[in-house]
Protein chains: 2
Amino acid sequence: MDLSALDAAVEAALPAALDELAELVAIPTVAAKPDSPMREGAEAVARLFEKRGFLAKLSDTDGAGPSCARPPVVYAEDRTAGVDAPTALLYNHYDVQPAEPLDLWNSDPWKLTQSGDFLFGRGVSDDKGHIICRLMAIDALKKTFGALPVNLKALVEGEEEVASTHLEGWMQKNAALLNADVTLWEFGGVDESGRPELLCGLRGIAYFELSVKSIAYDAHSGVGGSIFPNAAWRLVWALATLKSPDEKIQLPGHYDALKPFTEADKQMLAGLPDTEEAHWKKEMGLDAFLGGATGAEWHRRQAFEPTCTICGLTSGWQGTGSKTVMPAEASAKVDFRLVPDQTPEQVEKSLRTHLDSQGFPDVQLKLLGGQKPGRISPDHPLVQLAAKTAEEVYGVAPAVWPLSPVTGPIHPFVVGLGQPIATIGCGYPGSRVHAPGENLKISNLLDGAKHTARYLYALAQRPHSPT
Amino acid sequence: MDLSALDAAVEAALPAALDELAELVAIPTVAAKPDSPMREGAEAVARLFEKRGFLAKLSDTDGAGPSCARPPVVYAEDRTAGVDAPTALLYNHYDVQPAEPLDLWNSDPWKLTQSGDFLFGRGVSDDKGHIICRLMAIDALKKTFGALPVNLKALVEGEEEVASTHLEGWMQKNAALLNADVTLWEFGGVDESGRPELLCGLRGIAYFELSVKSIAYDAHSGVGGSIFPNAAWRLVWALATLKSPDEKIQLPGHYDALKPFTEADKQMLAGLPDTEEAHWKKEMGLDAFLGGATGAEWHRRQAFEPTCTICGLTSGWQGTGSKTVMPAEASAKVDFRLVPDQTPEQVEKSLRTHLDSQGFPDVQLKLLGGQKPGRISPDHPLVQLAAKTAEEVYGVAPAVWPLSPVTGPIHPFVVGLGQPIATIGCGYPGSRVHAPGENLKISNLLDGAKHTARYLYALAQRPHSPT
């Protein structure tokens with residue numbers, strides 16, 4: 001069938017959609033900051049779905065602390081397609097990263113700013129632009145066919161940028177509500193060359209704070225150097241036991257939970273483009289990557305290697321010049337990226353055991369956030385369907401990634417709900433998500449909405465057993 | 001001779017002296033901070049000497065950089081005792097350590113605050129209180145005898161807390177001016193039991209900044225963890241090669257320059273009290289010292305062991321909660337205490353060689369300050385004179401330490417000028433120098449001033465060859 005009318009309807013939806021995006025960007029929904037207007041952001045998103053005939057509600061998450069202070073989940077649905085039609089779950093988030101450092105922005109991060117094909121603002125890509133992208137597809141489908149060809153359920157959370165702390169619990173309690181054939185993941189898009197990408201998994205994470213207090217207060221380094229335990233030294237020695245300079249993580253059994261690297265994985269990696277290497281070398285000013293990795297090995301590391309990253313260190317005197325002080329306290333932030341089937345709980349346990357066995361019972365450990373990794377098969381028919389419809393829009397078959405190096409709450413979807421995911425969206429590598437100057441290309445927004453609309457239409461054409 | 005009139009004159013000098021101390025404490029002469037009012041501090045000190053009839057001048061130090069930005073040396077002298085009288089050189093400093101962390105002070109660090117016998121404020125002991133202590137002795141000598149019985153030269157520098165960077169050069173250029181029989185060192189005082197202490201040497205120091213820049217800017221830890229070099233990891237691994245958890249410094253040949261530990265050293269250590277151990281255990285909340293050191297071994301470590309202390313660490317995300325960032329930069333402040341005959345230059349050289357040989361040519365090294373260690377014989381007659389006059393004031397013979405664990409620019413005095421030092425002052429172990437809550441006991445200030453006055457009087461009674 002000729003779907004050019006659907007594409008045209010997407011393009012017609014753009015002007016109103018940009019107004020709606022401006023409205024969302026203007027609400028600084030920074031989940032990491034306690035006083036952010038999270039409920040206001042949630043209400044704005046709910047209104048956008050209600051405007052389109054969805055039933056929508058805000059739902060508090062469970063957990064410790066007063067629930068009124070926690071960002072609510074937005075749930076919305078349109079089941080007018082009926083029990084004989086397939087259902088797609090749209091997963092997105094309305095929270096954003098902090099905009100700091102503000103002086104590196106060329107525009108107000110909380111005001112949608114257009115310059116040619118580019119839109120600037122915090123969340124314009126991650127993830128408010130993706131919410132709008134889906135609303136444009138919904139508008140186009142309704143305009144073209146008079147009604148939605150599939151049932152749609154939207155789950156829009158407000159804690160994605162703070163490790164989706166309460167999402168899994170909420171999803172477990174509301175599993176019946178979330179039943180669907182496929183989840184459209186919160187992001188998707190194209191690579192540096194404009195080729196679409198499909199991700200078949202995400203690494204997990206376990207994010208820790210390690211801290212030491214060795215003496216009552218900071219001491220004179222002359223007096224203390226020979227006789228007092230030094231918190232900074234204790235921390236450095238403890239950290240040095242976690243990973244060796246060859247990048248091997250030294251926690252006993254850390255690699256035991258890894259699923260075997262298969263011939264199919266190898267082939268998938270071999271089929272991936274190498275355009276990102278040049279991009280990152282230039283951006284980061286590097287002559288070579290860790291271990292000289294390139295080509296398939298570069299992709300293997302990004303997808304299948306667990307990591308252990310020091311994200312921060314703090315102790316003692318950090319100003320200019322010298323202060324002869326022995327620090328009483330020291331701490332580090334350490335981020336482990338996990339691959340199937342590692343879990344944050346297992347890493348927490350083995351990290352504690354390892355520190356104790358290495359002689360560091362004095363190093364305190366706090367798990368600040370964790371998410372399990374998750375994968376789906378690239379051969380799943382609804383992933384294949386996303387590949388087919390991508391080719392219709394972009395004119396080229398997508399690159400299919402076995403596991404993305406980044407993290408998201410994939411586990412409660414692919415394992416908890418038992419659904420595949422399709423990463424269909426409007427991002428590109430230059431979008432500077434999490435950084436100053438976050439941007440979205442209007443051309444990518446249009447392509448992402450066309451891909452979404454075509455995917456949902458194609459989904460409706462498939463044989464389906466009533467739920 | 002009965003010197004009770006001299007003691008009474010010291011006590012009479014107290015009220016005016018406290019006003020003068022308040023004036024000095026109010027000037028935040030933090031040498032480590034570039035915008036500190038160092039010249040204002042120097043001028044205030046010069047005025048205090050001029051008020052007592054000294055000739056005083058501010059003298060710029062030589063060295064790289066604009067000299068106007070560098071703290072001047074205050075030089076003052078009173079030679080009215082004449083060429084037939086002995087001469088003492090008073091060495092002090094008007095600069096102080098930073099007051100941070102400010103929230104751990106119970107009073108404004110820049111306002112002299114009295115509570116019973118205690119005076120609080122940054123520099124109240126180290127070293128502004130010691131300047132005042134000497135001025136009280138001068139006042140008392142003049143009041144009691146009508147004139148100073150000895151010639152006095154005062155050298156008050158403004159960079160002691162930043163390793164006296166330019167002092168040695170200035171002293172070499174002004175060696176003729178500094179000729180004296182003895183230097184009264186910038187500090188002295190009593191131990192926990194109230195027994196006076198004399199130090200016959202000071203450890204040296206080499207203070208470094210180690211820094212790494214691994215990528216152009218902070219990266220997303222998911223994207224970078226497997227492929228970008230991490231500045232924080234590079235720093236941690238490099239630091240861990242410098243000293244092992246058993247406190248042994250791993251720089252090749254680091255212990256080779258050490259003078260043999262002699263029987264005389266051993267006997268001197270055996271004669272030292274062990275009261276400091278209980279004091280520091282209580283202050284620092286410790287069950288045991290490093291390596292379980294106690295008794296003579298505790299004293300040996302404090303005096304004769306070189307140290308390697310991490311004074312500060314900084315990298316990446318240091319706020320609350322989690323930020324999944326891979327740091328582009330990391331740095332550490334590291335302080336090596338040196339014992340005779342180690343030198344900062346030798347440590348700098350071997351540290352660079354070591355880092356390179358361990359695979360860390362990317363770790364940049366900057367020597368922020370260095371001082372050579374120095375010792376004098378405890379049998380020197382002017383040290384013995386300090387012991388004798390101490391016993392007059394305190395009623396007990398002083399503990400004589402071969403080498404203090406702390407550092408000062410002793411080398412240009414005992415080697416450069418060839419003078420002995422006498423450590424006569426008003427400190428005590430609870431004074432929290434360099435820490436929040438720095439304090440001085442008024443009773444110690446009075447005793448220190450009495451000791452100073454009696455020492456200078458006794459010095460005048462000794463046979464002397466005209467200079």
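None of the values given here were measured: they were computed from a predicted structure. Naming: A, B, ... by sequence-line order, numbering from 1 per chain.
- Looking at residues two or more places apart in sequence or on another chain, you find no salt bridge (Lys or Arg N to Asp or Glu O under 4.0 Å) involving B/D274.
- Contact count against chain A (heavy-atom pairs under 4.5 Å) is highest for B/P327 among B/P327, B/A32, B/P101.
- The contact between B/Q302 and chain A is made by backbone and side chain atoms together, counting heavy-atom distances below 4.5 Å.
- Residues B/E297 and B/R301 are paired through a salt bridge, judged by an N-O separation under 4.0 Å between the basic side chain and the carboxylate.
- Using a cutoff of 4.0 Å between basic side-chain nitrogens and carboxylate oxygens, A/K366 and A/E209 are not scored as salt-bridged.
- Atom CG of A/D103 has more than 12 heavy atoms from other residues, nucleotides or ligands within 6.0 Å.
- Annotation: maximal heavy-atom pairing with chain A below 4.5 Å, among B/E247, B/R432, B/K33, occurs at B/R432.
- There is no contact between B/L202 and chain A, counting heavy-atom distances below 4.5 Å.
- Ring-plane geometry between A/F261 and A/F304 is classed as perpendicular, the angle between the planes exceeding 60 degrees on a 0 to 90 degree scale with a lower cut at 30.
- Of the two parts of B/S214, only the backbone, made up of N, CA, C and O, holds a non-hydrogen atom closer than 4.5 Å to a non-hydrogen atom of chain A.
- Residue contact with chain A, scored on non-hydrogen atoms closer than 4.5 Å, involves the side chain of B/W237 exclusively.
- When heavy atoms are compared at a cutoff of 4.5 Å, B/S322 approaches chain A by way of both its backbone and its side chain.
- Among the candidates B/I310, B/I215, B/V406, the residue making the largest number of heavy-atom pairs closer than 4.5 Å to chain A is B/I310.
- If you measure heavy-atom distances from A/L239 to chain B, the contacts under 4.5 Å come from both the backbone and the side chain.
- Aromatic ring orientation, B/H220 versus A/H434: tilted (interplanar angle from 30° to 60°).
- Taking all atoms of both residues into account, the shortest heavy-atom contact from A/H254 to A/P306 is NE2-CB, 4.0 Å.
- In terms of the salt bridge (Lys or Arg N to Asp or Glu O under 4.0 Å) criterion, residue partners of A/D335 (sequence neighbours excluded) are, by chain and number, A/R337.
- For chain A, the nearby part of B/T307 is the side chain; its heavy atoms alone come within less than 4.5 Å.
- Both the backbone and the side chain of B/K243 come within less than 4.5 Å of a heavy atom in chain A.
- Proximity to chain A involves both the backbone and the side chain of B/E283, based on heavy atoms less than 4.5 angstrom apart.
- When heavy atoms are compared at a cutoff of 4.5 Å, B/S244 approaches chain A solely by way of its backbone atoms N, CA, C and O.
- Proximity to chain A (any heavy atom under 4.5 Å) is shown, for B/Y217, by both the backbone and the side chain.
- With a 4.5 Å cut-off on non-hydrogen atoms, A/A240 touches chain B through its backbone and its side chain both.
- No side-chain N or O of B/H299 forms a donor-acceptor pair with one of B/E276 less than 3.5 Å apart.
- Residue B/I227 touches chain A through both its backbone and its side chain, counting heavy-atom pairs closer than 4.5 Å.
- For chain A, the option among B/K333, B/E161, B/R203 with the highest count of heavy-atom pairs below 4.5 Å is B/K333.
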